[in-house]
Amino acid sequence: MDGVTLIDHPLIKHKLTIMRKKQTPSPLFRALLREISLLMGYEVTRHLPLENVDIETPITAMSAPKLAGRKMCIFSILRAGEGLAQGLLDLIPGARVGHVGLYRDPKDLKAVEYYFKAPTHLDQRFSLVVDPMLATGNSAIAALTRIKKAGAKEITFLCLLAAPEGLKALRAAHPDVHIFTAAIDEKLNEKSYIVPGLGDAGDRIFGTL
Ligand code: URA
């Protein structure tokens with residue numbers, strides 16, 4: 001699908017299979033999500049611009065590349081986004097972190113905002129919005145609308161698992177936002193869970209099953 005990158009890597013696939021298993025306990029689930037976020041982070045940051053700076057090695061002076069511009073912003077969609085954001089922060093410790101708190105209204109499954117905090121100068125930063133599960137797309141669409149309202153211009157969305165329905169909805173609502181995912185599953189069930197999926201990501205990360 002246009003605007004969607006499936007990060008196809010044997011290590012990610014193997015780790016994801018363990019995460020999907022219902023017997024996998026929270027500590028292992030969290031550790032695997034962190035490891036996958038490092039592997040995916042490597043891909044989603046591939047395009048970041050560089051600039052050369054003058055440095056001195058113990059041997060000689062040289063002009064060497066560093067990341068250009070303002071620090072990027074990782075936006076975590078609470079609460080499951082935290083599982084991906086923490087690993088990405090290990091990879092990019094200087095990144096700023098924004099939070100978007102949304103809950104799903106059980107009546108119509110629409111996203112309702114309860115928290116928003118973002119760094120300044122969003123218009124000059126690359127924003128990476130993370131949520132492990134792209135199901136209906138409602139939360140992601142609402143989060144991206146809010147993040148754009150706060151000023152973000154260059155935005156990428158990163159998830160672990162996507163349903164075809166969520167991908168379609170998100171691409172339609174935010175065609176300028178590129179989506180990276182580690183897998184595209186079959187469908188949503190009647191409760192809007194991804195099938196085969198891995199269950200409720202937040203519950204599995206935080207042990208609230
Ligand atoms: N959110 C989850 O955590 N899991 C799903 O399958 C769908 C949405």
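Just follow the structure's listing: the first ligand is 1, and inside any ligand the first atom is 1. All residue numbers refer to positions in the sequence shown, counting from 1. None of the values given here were measured: they were computed from a predicted structure.
Considering only heavy atoms from C-beta on, Phe116 comes within 4.5 Å of Phe75 through its side chain. Within the 4.5 Å cutoff, the side chain of Val129 has heavy atoms near those of the Ile77 side chain.
Protein residues are said to neighbour a ligand when one of their heavy atoms lies under 4.0 Å from it; for ligand 1 these are Arg104, Met133, Ala135, Ser192, Tyr193, Ile194, Gly199, Asp200, Ala201.
Residue pairs satisfying the side chain to side chain donor-acceptor pair (under 3.5 Å) criterion with at least one member in residues 165-180, sequence neighbours excluded, are listed as follows: Thr5-His178, Thr145-His174, Lys148-His174, Lys148-Asp176.
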Per-pair distances, 0.1 Å, donor-acceptor, side chain in residues 79-87, under 3.5 Å, sequence neighbours excluded:
residue : atom : partner : partner atom : Å
Arg79   : NH1  : Thr208  : OG1          : 3.1
Arg79   : NH2  : Asp203  : OD1          : 2.7
Arg79   : NH2  : Thr208  : OG1          : 3.4
Glu82   : OE1  : Gln86   : NE2          : 3.4
Glu82   : OE2  : Ser76   : OG           : 2.6
Glu82   : OE2  : His99   : NE2          : 3.1

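A salt bridge is defined here as a Lys NZ or Arg NE, NH1 or NH2 lying under 4.0 Å from an Asp or Glu carboxylate O, and Arg20 with Asp185 meets this definition.
In this structure Ser37 satisfies the side chain to side chain donor-acceptor pair (under 3.5 Å) test with no other residue, sequence neighbours excluded.
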